[in-house]
Amino acid sequence: MKHDLWLLAALYFSCAVKAEVASNYTDAILSSGTVKLGDWQDAYEKASTFVDSLSTSEKLSIITGGGGRNLSGIEMLDSSSNPINYYFVTAWPAPLAIAMTWDKNYIVEQGEALGAEFKGKGVNVGYGPTVQPLGRSPWGGRGAETYGPDSYFSGIMSGGLVQGMNKAGRVSGAKHFILNEQETNRQGSSGGMGGMGGGQDGPGGNSTGDSPGGTSPSNERRQVIGNTTSSSSEAYSVTIDDKAFHETYLATFYDTIRAGVGAVMCSMNRINDTYGCENQETLSKHLKTELGFVGFVSPDAGGQKTGIGSANAGLDYGSSSYWSNSTLGAGIANGSFTEARLNDMVIRNLMGYFKHGQDVSYPTHAGYTDAIDVRANHSLLARKFAQNSLALLKNTNNALPLTAAQRVISIFGTHAAPRIVGPNTALTVQSGVASTMDGHMSQIGGSAMSSAAYLVTPFQAFNERAAKDGFMLKWWLNNTVVTSSGSGMMVSDGTGTEISETTTGIAENSDACVVFINAWSGEGADRSELRNEEQDALVTAVADACNNTIVVVNTVGPRLLTQWDSHENVTAILYGGPLGQESGYAINDVLFGDVNPSGKLVHTLAKNESDYDSNTQISEESELVFSEGNFIDYKYFDQQNKTPAYPFGFGLSYTTFGYASNLSISSDSDKLATVYALGDLAVGGREDLWDIVATVATSVSNTGSVAGAEVAQLYVEFPAAADEPVRQLRGFQKVAIQPGQVTAVKFELRRRDLSIWDVSAQEWAVVRGEYKFWVGTNSRELGVSTTLSV
């Protein structure tokens, strides 16, 4: 019966609503007045006035990457890690890493600095944040490009990056809309795209990777290749019920649009058998009307398949091979397309341009290798963000921080050292990628890669510290375990500095052994493993020979640790994402206690791969059913009552924290009186969804002996009638606390935080009943609670 009801809900989403959208897409046109523009109103008026002065050919030029009148064209570029492929820019920590800080101020700060670098290079639109893939599958190849699988958390962090970019006067572009949750078959079997080492040289430039299709020959070639009607070569299609579509996948875009994102990239995959960039239901109804998005929609490379069809569906920027006088112009003449929609497309392309004052004294667009250095003091910020993103998962007998008592320290693994070629790397789409990086992994591959002018590796940082602090440093910069020095090779008798050139020879007589391992992936290929036999064997071999073995993990997604984490000699585990150009310094700073670790996991680490939901494994099928609905990551583990190895939100410190024994809660009964959100449609959805309806307060104390930062986390248990996961994150606050101090924390709940999607009413609803609120240090350690009756 439950399965039948799910199918009925999915059928409603894919069929009944589609009929409504087909006749009402004009509501998505800005001039209709359906959506209140708020602080976008002035930009709309300027853009409208400008468009009124254009000829049809000039309008077509602008929406295909060219210019018109005194506008030379809008320059666009990836990524959320830096202006991709440019010289003299900062290689920031990847989104997964900045997410692990759980710091709302840091993400805004990074966005502002990143936006300043794009602006300094004369780029108008930067494609970041990557809102989806959300992280439905731990095997997904682009996990490090996003902010984790919790829709609430991802929305807050994505919105924060947008806020920061807006401060810098740069238009931000969110991607990929929507349900793009795996790389495998996202384009179809014939949809080649070329190299993924770079981004794009603005509209109509020499584009590679995630980039909207412009007028360049390379873009046109890719779009023609992807324009196939053969079902065997089409990209995968996703079917999902309407409730999960809204609550898990669409929810993240609400925050991003509310924050003021000016561009959205539609995805290559299909939704209910219709391509993401040709899908009127998702683009016109959900994105532009329900969410009130006022910017422009551009296609992922190869995502545009038709001319008039894509324009009517809601695409605003595309290729001149599809949009020209002979297509859209002819459509206006025969009635299959309208002048109003064409004007809307141009206006949307210009909304962010005018909103951020880019029409006045914006820097000239620079070439990739031009000597325009936009980095300022950003290396200090990049190091700070990386330091505070590292999560301490184990620390037996205070093995960390390392101290002067450790006179001999050995480091192990290729991950400690530079790659043979570097510091940048490329990933070719659909050719796959090794599961680990042979050398230090500080960034991801594909269109969200970073362009590093330099890279600090752990080997470099350890060498510098050894020179300064005077300890003896030994190294084994190899993942291969060697147990014999071989014939003819001298083996030390232990009386001097000469060492046996074996893995165990390096480990012997060491006060601390630090093993560096990584997991790597990126755009174009999904992950083939969540553990690695060679690296795991290295950890075990070192631990067998060294009674103080510390493991440092940098990863692009969930990386299993239970192969060795219970080994009696593995005393500490430090876990993080790709940390960017300051990676080695950041790791070293935490290992030696210059910085107290405060990072937290943004995904659940299972004990075994089989503990993850088998339905979320990467599939070669052309029709994917997201039948797990809202139950991904920790919500799945809670639903199944499975014990994780390390839960969502987990992370230790060099100090300890205590939580107050009670919570206080206050609510606004007037704002909660109505079941449904009934406010006007505005940028970010109905206005009353953003009303603060309740506040939960408590306090956290530092019960240890050193200063540290704790992330207090609020989880909500909905009434049973809501049919929701066991508990869901609905607030987090990172607070720095001195030893012995007590700090107040407060969580403000918006109406949308207590709302579910009512499939029948097609509105957000606050279910009547009892809500239970829990506060604690991670999703499984929630020691105090209170209730609210609605």
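Heavy atoms only: backbone and side chains are in, while hydrogens, waters and symmetry mates are out. Residues: numbered from 1 along the sequence shown.
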Decide, yes or no, whether a salt bridge links [X] with [Y] under the criterion of side-chain N to carboxylate O below 4.0 Å.
X: Lys175; Y: Glu145; answer: yes
X: Glu724; Y: Lys243; answer: yes
X: Asp103; Y: Lys384; answer: no
X: Arg531; Y: Asp536; answer: yes
X: Glu523; Y: Arg186; answer: yes

For a quick check under 3.5 Å, do [X] and [Y] share a side-chain donor-acceptor pair by atom type?
X: Glu781; Y: Tyr659; result: no
X: Ser500; Y: Thr502; result: yes
X: Thr414; Y: Asn479; result: yes
X: Thr571; Y: Asn548; result: yes
X: Asp300; Y: Ser267; result: no
X: Tyr236; Y: Asn180; result: yes
X: Thr703; Y: Thr656; result: yes
X: Asn478; Y: Thr480; result: yes
X: His567; Y: Thr549; result: no
X: Glu247; Y: Ser151; result: no
X: Ser447; Y: Arg142; result: yes

Measure the acute angle between the ring planes of [X] and [Y], then classify it against the limits of 30° and 60° as parallel, tilted or perpendicular.
X: Phe153; Y: Phe648; answer: perpendicular
X: Tyr634; Y: Tyr715; answer: perpendicular
X: His440; Y: His415; answer: parallel

Heavy-atom donor-acceptor pair, [X] side chain to [Y] backbone, under 3.5 Å:
X: Glu582; Y: Ala382; value: no
X: Thr457; Y: Ala417; value: no
X: Lys642; Y: Asp611; value: yes
X: Ser510; Y: Ile409; value: no
X: Asn269; Y: Ile178; value: yes
X: Ser137; Y: Trp139; value: yes
X: Thr146; Y: Pro133; value: yes
X: Arg559; Y: Asn554; value: no
X: Tyr152; Y: Arg730; value: yes
X: Thr555; Y: Gly557; value: yes

Quiz item: Stepwise, does the side chain to side chain contact (heavy atoms under 4.5 Å, CB included) test hold for Val602 with Trp102?
Solution: CA-CA 8 Å; Val602 295; Trp102 286 67; 3.5 Å; yes
Kindly compute the distance separating [atom1] ([X]) from [atom2] ([Y]), expressed to the nearest 0.5 Å.
X: Ser442; Y: Trp520; atom1: OG; atom2: CH2; answer: 10.5 Å
X: Asp150; Y: Leu134; atom1: CG; atom2: CG; answer: 8.0 Å
X: Ile632; Y: Thr604; atom1: CD1; atom2: OG1; answer: 10.0 Å
X: Arg465; Y: Asn588; atom1: CZ; atom2: CG; answer: 4.5 Å
X: Ser627; Y: Asp241; atom1: OG; atom2: CG; answer: 9.5 Å
X: Met100; Y: Phe385; atom1: CE; atom2: CZ; answer: 16.0 Å

Practice problem: Any chance you could lay out the side chain to side chain contact (heavy atoms under 4.5 Å, CB included) test for Val590 and Tyr654, step after step, and finish with the verdict? | Solution: CA-CA 10 Å; Val590 172; Tyr654 294 153; 3.9 Å; yes
Looking only at heavy atoms, which two atoms of [X] and [Y] are closest? And how far apart?
X: Ser80; Y: Pro95; result: OG-CG, 3.4 Å
X: Val570; Y: Ile573; result: CG1-CG1, 4.2 Å
X: Arg419; Y: Asp438; result: CG-O, 3.6 Å
X: Gly704; Y: Thr655; result: CA-OG1, 3.0 Å
X: Val711; Y: Thr101; result: CG2-O, 4.4 Å
X: Phe253; Y: Tyr249; result: CD1-O, 3.7 Å

Would you say [X] and [Y] make side-chain contact, with heavy atoms under 4.5 Å?
X: Asp255; Y: Ser158; value: no
X: Asn518; Y: Gln535; value: yes
X: Leu574; Y: Ile550; value: no
X: Thr503; Y: Val542; value: yes
X: Asp589; Y: Arg383; value: yes
X: Ser450; Y: Trp92; value: no
X: Arg780; Y: Asp638; value: yes
X: Leu393; Y: Leu605; value: yes

Exercise. With salt bridge (Lys or Arg N to Asp or Glu O under 4.0 Å) as the test, would you mind laying out the steps for Glu628 and Lys635 before giving the verdict?
Key: CA-CA 10 Å; Glu628 74 284 347; Lys635 299 168 189 175; over 6 Å; no
Practice problem: Go through the steps for Val556 and Met441 under the test side chain to side chain contact (heavy atoms under 4.5 Å, CB included), then give the verdict. | Solution: CA-CA 9 Å; Val556 292; Met441 193 281 290; 4.3 Å; yes
Quiz item: Do we get Lys104 above Phe732's six-membered ring, with its NZ or CZ under 6.0 Å from the centre and within 45° of the axis?
Solution: yes
Practice problem: Tell me, with the steps shown, if Ser619 and Gln182 meet side chain to side chain donor-acceptor pair (under 3.5 Å). | Solution: CA-CA 8 Å; Ser619 174; Gln182 67 176 49; 5.6 Å; no
Practice problem: Determine, step by step, whether Val514 and Val552 satisfy the side chain to side chain contact (heavy atoms under 4.5 Å, CB included) criterion, reporting the C-alpha distance in whole Å, the side-chain angles of both residues, the deciding distance to 0.1 Å, and the verdict. | Solution: CA-CA 7 Å; Val514 186; Val552 177; 3.8 Å; yes
